[in-house]
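Any value given below was found using the heavy atoms of this structure, including those in side chains, with hydrogens, waters and symmetry copies removed.
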Amino acid sequence: MTDQNTDAPIHGREYSEALARGIRILTLFGAENRTMSLADIAARLGLPRATARRALLTLVDLGYAAEEGRHFRLTPRVMELASAYLGASPATAILQPVCEMLAARHEQTFSVAVLEGVDAVMVAYARPRRFYADSVGIGLRLPAYCSAVGRVLLAGLPPQEATALLARVKPESITPHTETDHDAIARHVEETRARGFALVEEEVELGFRSMAVPVRRLGGRVAFALNIGMSALRSPVDEMRERYLPVLQEQSGTLQHQLI
């Protein structure tokens, strides 16, 4: 199976296939693919092994990947790419401290995401200090169709645009609770648009519940989703909604006046 898309746009003469290939390789790695063999990478990208190897060894030479026997892994230097974005985005300088403040005050995990293609990507993230285990935070990608942040961001699009984006999605069952029916997902997005928040129960991760609200820029456009996540066993759904939805909504209103 490859990641090739027959509906991919035709690129112009200035398009660099070599650069695109290197970026695509970087995005293959993640929590479920911490190390990958040359054969795995070539197969996923639909490339000859020699072509994939040249790209991989270039990344190794630049310090973004490391070769360990027959496998490759990313190095911490990849974080420089994320740091460049975070440093260049004035919004992240506002959003990260807000997540840290909320996490410290409420002893829960808070995050902010943006929509990128069919995924929601975390650009700010904070956990309570009682959590010491490492976890993926900033840079985490979640499918928009089944995550609270994703449904909020989809609901923030014009309806026709959201419909067109969802038509590109091939929903998969991440957990036994993941909604994969296109019509049902569309209804969830419409409900989110109508009520102003999304609440998702164990669709992305078993035992985990999340709730998100839109964060608008000063002009009114939905630019981010502010999220709280917690164990589904910590409190009933109604208690989570009554206790934390006002917190999210209040902070969202405050942020709107700070985001141009």
Side-chain angles (χ1 to χ4, degrees), residues 85-86 88-128 137-159 161-162 165 185 187-201 203-205 208-232 234-260:
Y85 165 77
L86 296 174
S89 173
T92 59
I94 298 171
L95 298 170
Q96 182 60 32
V98 167
C99 287
E100 293 171 1
M101 176 272 292
L102 291 172
R105 180 178 298 174
H106 299 284
E107 288 291 299
Q108 302 295 344
T109 299
F110 287 83
S111 56
V112 175
V114 297
L115 189 64
E116 184 177 298
V118 296
D119 293 331
V121 181
M122 300 299 180
V123 295
Y125 181 91
R127 304 181 72 184
I138 295 175
L140 173 67
R141 303 180 74 91
L142 298 175
Y145 68 89
C146 63
S147 59
V149 285
R151 288 176 182 169
V152 162
L153 293 166
L154 289 170
L157 297 174
E161 188 174 337
L165 191 151
I185 292 169
R187 286 195 297 271
H188 284 310
V189 172
E190 184 56 38
E191 290 170 0
T192 298
R193 183 180 291 116
R195 66 185 184 181
F197 73 95
L199 198 155
V200 170
E201 186 93 5
E203 289 196 47
V204 177
E205 181 180 347
F208 194 77
R209 176 190 301 145
S210 60
M211 183 168 59
V213 300
V215 177
R216 303 176 186 274
R217 290 191 180 275
L218 196 55
R221 179 176 64 86
V222 174
F224 306 96
L226 175 62
N227 181 82
I228 180 173
M230 66 175 65
S231 166
R234 287 183 62 86
S235 61
V237 173
D238 290 343
E239 182 180 334
M240 181 183 183
R241 184 187 296 113
E242 293 170 5
R243 182 174 180 181
Y244 293 109
L245 181 57
V247 172
L248 295 176
Q249 291 172 329
E250 179 182 7
Q251 193 60 59
S252 173
T254 299
L255 284 169
Q256 182 173 353
H257 296 288
Q258 302 176 43
L259 298 171
I260 299 174

For the pair R193 and E190, find out whether any cationic side-chain nitrogen is under 4.0 Å from an anionic carboxylate oxygen.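 So R193 pairs with E190 through a salt bridge.
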Between E203 and R209, is the closest basic N to carboxylate O distance under 4.0 Å?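 Salt bridge between R209 and E203, a charged N being under 4.0 Å from a carboxylate O: no.
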Decide yes or no for [X] and [Y]: does some side-chain heavy atom of the first lie under 4.5 Å from some side-chain heavy atom of the second?
X	Y	value
Q108	R234	yes
R216	F224	no
V215	V112	no
Q256	R217	no
Q249	S252	no
L102	Q251	yes
T109	P128	yes
C146	R151	yes

Test side-chain contact (heavy atoms from CB on, under 4.5 Å) applied to M211 and L199, V152, V200, the passing residue: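 Looking at L199, V152, V200, the match for M211 under the side-chain contact (heavy atoms from CB on, under 4.5 Å) is L199.
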Using the rule side-chain contact (heavy atoms from CB on, under 4.5 Å), only one of D119, V121, V149 pairs with L142; which is it?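 That would be V149.
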Nearest 0.5 Å please: distance from the [atom1] atom of [X] over to the [atom2] atom of [Y].
X	Y	atom1	atom2	value
F110	N227	CZ	CG	9.0 Å
I94	L259	CD1	CG	5.0 Å
C99	R127	SG	CZ	13.5 Å
L95	Q258	CG	CD	9.0 Å

Which heavy atom of [X] sits nearest a heavy atom of [Y], and at what distance?
X	Y	answer
L115	L153	N-CD1, 3.5 Å
A120	S147	CB-OG, 4.4 Å
T192	A155	CG2-CB, 3.8 Å

Would you sort out whether L248 and F197 count as a side chain to side chain contact (heavy atoms under 4.5 Å, CB included), showing the intermediate values? CA-CA 9 Å; L248 295 176; F197 73 95; over 6 Å; no
Worked check of side chain to side chain contact (heavy atoms under 4.5 Å, CB included) between Y244 and M230: CA-CA 11 Å; Y244 293 109; M230 66 175 65; 3.4 Å; yes
E116 vs R141, side chain to side chain contact (heavy atoms under 4.5 Å, CB included): CA-CA, chis, key distance, verdict: CA-CA 9 Å; E116 184 177 298; R141 303 180 74 91; 2.8 Å; yes
Near R105 CZ, under 6.0 Å, is it more than 12 heavy atoms from other residues, nucleotides or ligands? no
Take atom CZ of R243 as the centre, draw a 6.0 Å sphere, and report whether it contains more than 12 heavy atoms from other residues, nucleotides or ligands. no
With no hydrogens and no angle check, is any side-chain donor or acceptor of S111 less than 3.5 Å from a backbone partner on A124?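 Pair absent, no side-chain N/O of S111 close to backbone of A124.
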For the backbone of Y125 and the side chain of Q96, can you confirm whether one donor and one acceptor N or O come within less than 3.5 Å of each other?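 Answer holds: yes.
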